[in-house]
Each structure stands twice: as structure tokens, then as C-alpha cells.
Engineer: 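Below is the structure I would like to discuss, written out as C-alpha cells.
If you're wondering where the values come from, they're calculated on a predicted model, not measured in any experiment.
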Amino acid sequence: MKKKESILKRADEIIHNRSEEKERKYGPFSEDMYAALVALKLSRHSYNYREDNLLDCVAYLGGLDNYIKEKKK
């Protein structure tokens with residue numbers, strides 16, 4: 001009987017050995033993370049207004065802009 005791999009082992013395989021494949025399909029992970037963080041802050045804002053949610057959202061957008069500009073160099 002084959003021993004089932006742990007979830008950590010499988011996650012390691014995805015992150016380290018398939019990252020190039022994933023990037024070709026879905027785009028760069030870093031760029032996606034900025035978008036996810038912006039979406040999170042906007043989601044929080046829609047539930048309950050707090051100025052720091054909007055501030056964080058703008059900061060993440062600035063970070064995304066910097067990331068894209070740096071990548072183009």
C-alpha cells in the first residue's frame with residue numbers, strides 16, 4: 001500500500017516545483033497578491049467604514065504600481 005503524502009509535502013511541490021507552470025497560467029503570484037489585498041480591504045470597507053482600510057487599499061495599489069514599474073526595468 002502506497003503511503004499518502006502529507007499536505008505540507010504536496011504544498012511544497014506546488015510552490016517550488018510548479019511555480020513556473022502556475023505563473024504561465026495565472027500570471028505572477030506577487031501581482032495577484034496585491035490585487036487580493038486590495039480586494040480584502042475593499043471588502044472590509046463595504047462592511048464597516050474605517051479610514052485605515054481605505055489607506056491600506058491605496059498603499060497596496062501604490063505597491064502594485066511600484067512592483068509593475070520595477071518589473072519593466
Side-chain angles (χ1 to χ4, degrees):
M1 181 195 286
K2 184 178 177 184
K3 184 179 176 184
K4 194 171 186 176
E5 288 185 17
S6 75
I7 193 167
L8 295 176
K9 180 72 173 164
R10 293 186 342 230
D12 180 67
E13 174 72 22
I14 290 169
I15 292 168
H16 293 100
N17 296 328
R18 292 180 31 202
S19 60
E20 288 179 20
E21 173 189 340
K22 293 278 186 202
E23 189 166 319
R24 283 192 302 271
K25 284 183 181 178
Y26 306 115
F29 180 73
S30 298
E31 210 166 309
D32 289 347
M33 280 310 301
Y34 282 111
L37 291 169
V38 168
L40 171 68
K41 291 300 179 174
L42 289 175
S43 174
R44 286 182 178 170
H45 171 73
S46 70
Y47 175 72
N48 185 18
Y49 173 78
R50 290 189 58 194
E51 186 176 331
D52 69 315
N53 284 329
L54 295 178
L55 179 62
D56 289 346
C57 182
V58 171
Y60 291 136
L61 287 170
L64 175 59
D65 185 53
N66 289 340
Y67 174 81
I68 291 169
K69 288 175 180 172
E70 189 65 33
K71 199 167 83 168
K72 287 182 178 180
K73 286 183 182 180

Engineer: Test of understanding: with salt bridge (charged side-chain N to carboxylate O under 4.0 Å, His left out), list the residues that count as partners of R44, not counting sequence neighbours.
Structural biologist: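 Result, salt bridge (charged side-chain N to carboxylate O under 4.0 Å, His left out) vs R44: none returned.
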Engineer: Taking only residues two or more places apart in sequence or in another chain, which ones pass side-chain hydrogen bond (donor to acceptor under 3.5 Å, both in side chains) with K72?
Structural biologist: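 For K72 there are no side-chain hydrogen bond (donor to acceptor under 3.5 Å, both in side chains) partners, ignoring immediate neighbours.
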Engineer: With sequence neighbours left out, write down each residue that passes side-chain hydrogen bond (donor to acceptor under 3.5 Å, both in side chains) with N66, or none if nothing qualifies.
Structural biologist: none
Engineer: List the residues meeting side-chain contact (heavy atoms from CB on, under 4.5 Å) with Y49, not counting sequence neighbours, and say none if there are none.
Structural biologist: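 Listed in chain order: H45, E51, L54.
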Engineer: With sequence neighbours excluded, what pairs up with L64 under the side-chain contact (heavy atoms from CB on, under 4.5 Å) test?
Structural biologist: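 By the side-chain contact (heavy atoms from CB on, under 4.5 Å) rule, L64 matches E31, Y34, I68.
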Engineer: Each residue besides V38 in its hydrophobic cluster should be listed here, by chain and number; the cluster joins Ile, Leu, Val, Met, Phe, Trp and Tyr at side-chain heavy-atom distances under 4.5 Å.
Structural biologist: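 Cluster partners of V38: L37, L42, Y60, L61.
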Engineer: Applying side-chain contact (heavy atoms from CB on, under 4.5 Å), can you list everything that pairs with L55, at least two apart in sequence or on another chain?
Structural biologist: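 With sequence neighbours excluded, L55 shows a side-chain contact (heavy atoms from CB on, under 4.5 Å) to no residue whatsoever.
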Engineer: Which pairs count as salt bridge (Lys or Arg N to Asp or Glu O under 4.0 Å) when at least one residue sits in residues 34-43, sequence neighbours excluded?
Structural biologist: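 Qualifying pairs: K41-D56.
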Engineer: Name all residues meeting the side-chain contact (heavy atoms from CB on, under 4.5 Å) criterion together with S43; count only those two or more places apart in sequence or in a different chain, and write none if there are none.
Structural biologist: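 Applying side-chain contact (heavy atoms from CB on, under 4.5 Å) to S43 gives none.
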